Amino acid sequence: RTLSTAARQSLRIGLIPADGIGKEVIPAAKAAILALGSDIPNPQFVDLAAGWETFTRTGVALPQETVDILRQECDCALFGSVSSPSRKVVGYSSPIVALRKELDLYANIRPVVSVLVGEKPSVDLIVVRENTECLYVKQEVQTVGEHGKEARATRLITERASRRIGQMAFELANARPRKLLTIIHKSNVLSVTDGLFRETVRSVPTLPGVNGKYDQVTISEQLVDSAVYRLFREPEIFDVLVAPNLYGDILSDAAAALVGSLGLIPSINAGDNFVMGEPVHGSAPDIEGKGIANPIASIRSAALMLRHLGYTKGADRLDTAVDQVIREGKVLTPDLKGTSTTNEVLEAVLRIL
Ligand code: GGG
């Protein structure tokens with residue numbers, strides 16, 4: 001993990017398809033990585049269990065063995081999608097939320113980009129979502145009060161997590177041509193929690209050691225509701241958006257709607273020592289097993305993961321192949337108004353690779 005790409009003799013990738021269409025799209029990402037040949041040094045794959053189905057079989061949603069193998073034996077991982085139930089199930093807790101915490105993958109980086117030339121609106125943005133706290137600490141309680149049931153959730157925002165997601169967002173913004181960073185919050189209402197997030201991210205350029213590194217970054221801020229409105233009205237104004245966990249989750253799905261399909265949008269969960277690619281889409285029970293899930297988000301997630309590790313050439317080849325398939329518009333899954341299957345899209349990508 002700490003090796004440079006040149007020094008690495010092989011790349012061990014944990015594969016956690018989890019539930020639903022994750023089982024259909026993660027194998028496609030694996031095939032695409034294998035097609036990169038010598039651009040990736042001796043890729044080796046380790047199949048790992050997690051998810052609702054794993055829970056129903058074993059009583060555990062995230063087996064300790066999965067966490068241990070990822071920590072001890074893998075350089076990186078690809079996660080598919082999870083089907084957590086909407087009701088409370090005793091003993092069950094979302095494995096993806098737990099995995100992000102276990103591996104301290106504090107940044108969820110979600111690029112949303114229009115591919116078609118002249119596509120309107122023109123979108124080229126990255127949502128940088130804090131990945132470990134906010135309402136996702138999942139501290140919920142239900143009690144009975146004077147007027148019946150009462151439910152409460154703790155929303156945790158810490159200076160440490162806000163600072164490190166802020167640093168990640170400034171780094172990303174600084175590396176892009178427009179260098180615009182928008183901080184998303186609702187601190188006019190949640191002045192303590194969102195106020196801390198906003199202030200801490202804003203203070204990143206003044207941290208010791210920064211020494212003017214981010215002087216070229218233009219910082220702005222938007223209340224989350226206004227950000228959603230402007231995202232739909234004029235998405236081209238956004239470059240890098242940094243947000244607490246829940247707002248980032250919602251904003252990135254919303255942005256996906258502007259570029260055709262959630263089935264196109266990749267992400268990485270990144271920490272200081274590990275990276276895990278993950279399509280933004282969920283397990284899609286409505287199309288599970290039909291062989292028509294779009295594999296592009298997973299292939300692009302593999303590309304993002306490889307790019308994060310320094311395998312730029314392999315990552316570029318995956319992105320270029322996928323972009324060509326989208327631009328040609330002949331082999332597309334139904335979410336993009338096509339009639340092709342997962343395998344046909346994968347085959348089209350592999351032919352270009
Ligand atoms: N790949 C993203 C994904 O699986 N999304 C579904 C999701 O977030 N489900 C909520 C959960 O199970 O934690």
Side-chain angles (χ1 to χ4, degrees), residues 13-30 48-57 60-63 66-67 70 76-103 105 107-112 127-140 153 243-257 261-270 275-288 293-305 333 335 342:
I13 306 170
L15 294 181
I16 316 151
D19 298 314
I21 61 168
K23 293 188 194 311
E24 299 165 42
V25 292
I26 292 300
K30 174 182 173 182
L48 298 168
W52 171 250
E53 207 179 293
T54 300
F55 176 80
T56 54
R57 221 171 358 95
V60 183
L62 179 62
T66 294
V67 179
L70 287 172
C76 55
L78 285 173
F79 188 95
S81 51
V82 56
S83 303
S84 295
S86 306
R87 65 188 193 286
K88 173 97 189 126
V89 173
V90 176
Y92 181 84
S93 188
S94 165
I96 183 63
V97 174
L99 203 45
R100 289 167 181 160
K101 285 193 100 165
E102 285 280 349
L103 300 176
L105 304 176
N108 195 264
I109 301 172
R110 299 180 157 190
V112 183
V127 177
V128 183
R129 165 188 171 192
E130 200 290 319
N131 219 15
T132 58
E133 47 184 42
C134 188
L135 283 165
Y136 289 64
V137 293
K138 292 172 15 91
Q139 289 171 20
E140 295 184 293
N245 206 338
L246 180 62
Y247 304 155
D249 195 4
I250 295 169
L251 271 170
S252 48
D253 276 31
S261 169
L262 201 49
L264 296 175
I265 311 302
S267 79
I268 48 169
N269 301 275
V275 58
M276 184 170 76
E278 181 193 0
V280 168
H281 64 70
S283 59
D286 53 330
I287 57 164
E288 177 185 353
N294 194 338
I296 288 178
S298 284
I299 297 172
R300 279 182 166 168
S301 298
L304 269 185
M305 177 189 80
T333 43
D335 55 310
T342 309

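Computation of the quantities below employed the complete heavy-atom set of this structure, encompassing side-chain atoms and omitting hydrogens, waters and symmetry-equivalent molecules. Both ligands and their constituent atoms are indexed starting at 1 by order of listing. Since the structure is predicted, the reported quantities are computational estimates derived from the model, not experimental observations.
Counting only heavy atoms from C-beta outward, the side chains of L48 and L70 approach each other to under 4.5 Å. The side-chain heavy atoms of N294 and V25, taken from C-beta on, include no pair separated by under 4.5 Å. A 4.5 Å side-chain heavy-atom check between R110 and D253 finds at least one atom pair inside the cut-off. Contact annotation: the side chain of D249 approaches that of R129 to within less than 4.5 Å [non-hydrogen atoms, C-beta and beyond]. Contact annotation: the side chain of M276 approaches that of I16 to within less than 4.5 Å [non-hydrogen atoms, C-beta and beyond].
The V280 neighbourhood of ligand 1 comprises atoms 2 (C), with distances under 4.0 Å to a heavy atom of that residue. Close contacts of ligand 1 with S84, meaning ligand atoms under 4.0 Å from a residue heavy atom, involve 11 (C), 12 (O), 13 (O). Contact atoms of ligand 1 toward E278: 1 (N), 2 (C), 3 (C) (distance under 4.0 Å to a heavy atom of the residue). In summary, the atoms of ligand 1 found under 4.0 Å from a heavy atom of G80, numbered by their order in the structure, are 1 (N). Residue-ligand proximity, S81 to ligand 1, at heavy-atom distances under 4.0 Å covers atoms 1 (N), 4 (O). Proximity to I96 (heavy-atom distance under 4.0 Å) selects the following atoms of ligand 1: 13 (O).
In terms of modelled atom types and a separation under 3.5 Å, the side chain of T333 and the main chain of A293 share no donor-acceptor contact. For S81 (side chain) and D19 (main-chain N/O), a donor-acceptor pair under 3.5 Å exists by modelled atom type.
Where the criterion is an N or O separation shorter than 3.5 Å, residue side chain and backbone included, S94 meets it with respect to ligand 1. Some N or O of P279 is nearer than 3.5 Å to an N or O of ligand 1, by distance alone.
Among protein heavy atoms, atom 3 (C) of ligand 1 sits closest to H281 O, 3.4 Å. Given atom 5 (N) of ligand 1, the protein heavy atom at minimum distance is G282 CA, 3.7 Å.
Both the backbone and the side chain of V82 come within 4.0 Å of ligand 1, counting heavy atoms alone. With a heavy-atom cut-off of 4.0 Å, S283 does not touch ligand 1 at all.
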CA sep, side-chain torsions, deciding dist, call: E140, L135, side-chain contact (heavy atoms from CB on, under 4.5 Å): CA-CA 9 Å; E140 295 184 293; L135 283 165; over 6 Å; no

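Listed here is the closest heavy atom pair of F79 and A18: CZ-CB, 3.8 Å.
Within a 4.0 Å radius of atom 13 (O) of ligand 1, the protein has at least one heavy atom.
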